[in-house]
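The next block holds one structure in the form of C-alpha cells; read it before the comments.
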Amino acid sequence: MHETSIALEILKTSETVLAQHGGSRILRVKVAVGELSAVEPELLRYAWEAVTVGGPAEGSRLEVDFLPARQFCPTCGPVARAPGAWVPLCLSCGAPLLVEGGNELDLVQVEFEVDGEKP
C-alpha cells in the first residue's frame with residue numbers, strides 16, 4: 001500500500017505550509033489524483049487518518065478530486081468510455097487512440113486555523 005508513503009508526503013508538505021503561515025492546526029487538505037497515478041482515493045483517505053494521529057492535522061479531512069484520463073482519436077476526436085475501460089482503437093475509423101491527463105497527483109489546497117481562529 002504505497003498510499004501511506006504518499007499520505008506522509010502530503011502531510012509533510014501541508015505541515016510546511018502550516019508553519020510558513022503561522023497556522024496552529026490543519027483542518028482540510030485537498031488533493032487532485034489522476035486515474036493513471038496508481039493511487040486509490042479510498043486507501044489514501046484511510047492512510048491520511050493513520051498518519052495524522054498525534055499531530056497538527058489530526059482530525060483533518062482529506063478531500064480527493066479524482067481526475068479521469070481522456071481518450072481521443074486524432075481523426076474523430078474525444079471517445080466516450082467508462083472509468084477504467086480502455087479501448088485501443090477508434091471504433092469509428094480504427095486509428096490508435098491517444099490518452100490525455102490522468103497522471104495528476106497534486107496538493108491543491110491546505111486549510112488551517114491560526115491561533116484557534118478558523119478561516
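Note that the numbering runs from 1 along the sequence shown for the chain. Values below: all heavy atoms of this structure, side chains included; hydrogens, waters and symmetry mates excluded.
Residues Val108 and Val33 do not share a hydrophobic cluster, defined by chaining ILVMFWY side chains whose heavy atoms lie under 4.5 Å apart. By the criterion of side-chain heavy atoms lying less than 4.5 angstrom apart, applied directly or through intervening Ile, Leu, Val, Met, Phe, Trp or Tyr residues, Val39 is not grouped with Trp86; the two fall into different hydrophobic clusters. The cluster map of Ile, Leu, Val, Met, Phe, Trp and Tyr, joined by side-chain heavy atoms under 4.5 Å apart, puts Val17 and Val29 in the same cluster. When the side chains of ILVMFWY residues are joined at heavy-atom separations under 4.5 Å, either directly or via intervening members, Val110 and Val114 end up in a single hydrophobic cluster. Using a 4.5 Å cut-off between side-chain heavy atoms of Ile, Leu, Val, Met, Phe, Trp and Tyr, with links allowed through other members, Leu105 and Leu67 fall into different hydrophobic clusters.
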Return all side-chain donor-acceptor pairs below 3.5 angstrom for residues 6-14, not counting sequence neighbours, or 'none' if the list is empty.
| from | atom 1 | to | atom 2 | distance (Å) |
| --- | --- | --- | --- | --- |
| Thr13 | OG1 | Glu9 | O | 3.0 |
| Ser14 | OG | Ile10 | O | 2.8 |

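Across all non-hydrogen atoms, the minimal contact from Leu89 to Gly94 is CD2-O, 3.7 Å.
Screening residues 95-104 for salt bridge (Lys or Arg N to Asp or Glu O under 4.0 Å), with sequence neighbours left out, gives Arg70-Glu100.
A donor-acceptor contact shorter than 3.5 Å links the side chain of Ser24 to the backbone of Glu113. One N or O on the side chain of Gln71 and one on the backbone of Val87 form a donor-acceptor pair closer than 3.5 Å. In this structure, the side chain of His21 does not engage the main chain of Phe112 through any donor-acceptor pair within 3.5 Å. Counting only distance, with no hydrogens or angles, the side chain of Gln109 and the backbone of Lys30 share no donor-acceptor pair below 3.5 Å.
The environment of CZ in Phe66 is crowded: more than 12 heavy-atom neighbours from other residues, nucleotides or ligands sit within 6.0 Å.
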Decide side-chain contact (heavy atoms from CB on, under 4.5 Å) for Leu44 and Val31; before the verdict, give the C-alpha distance in whole Å, the side-chain angles of both, and the deciding distance to 0.1 Å.
-> CA-CA 10 Å; Leu44 185 59; Val31 295; 4.2 Å; yes

Test Leu97 against Cys73 for side-chain contact (heavy atoms from CB on, under 4.5 Å), laying out the working first.
-> CA-CA 5 Å; Leu97 296 177; Cys73 173; 3.6 Å; yes

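Atom CD of Glu15 and atom CD of Gln20 lie 12.0 Å apart (nearest 0.5 Å).
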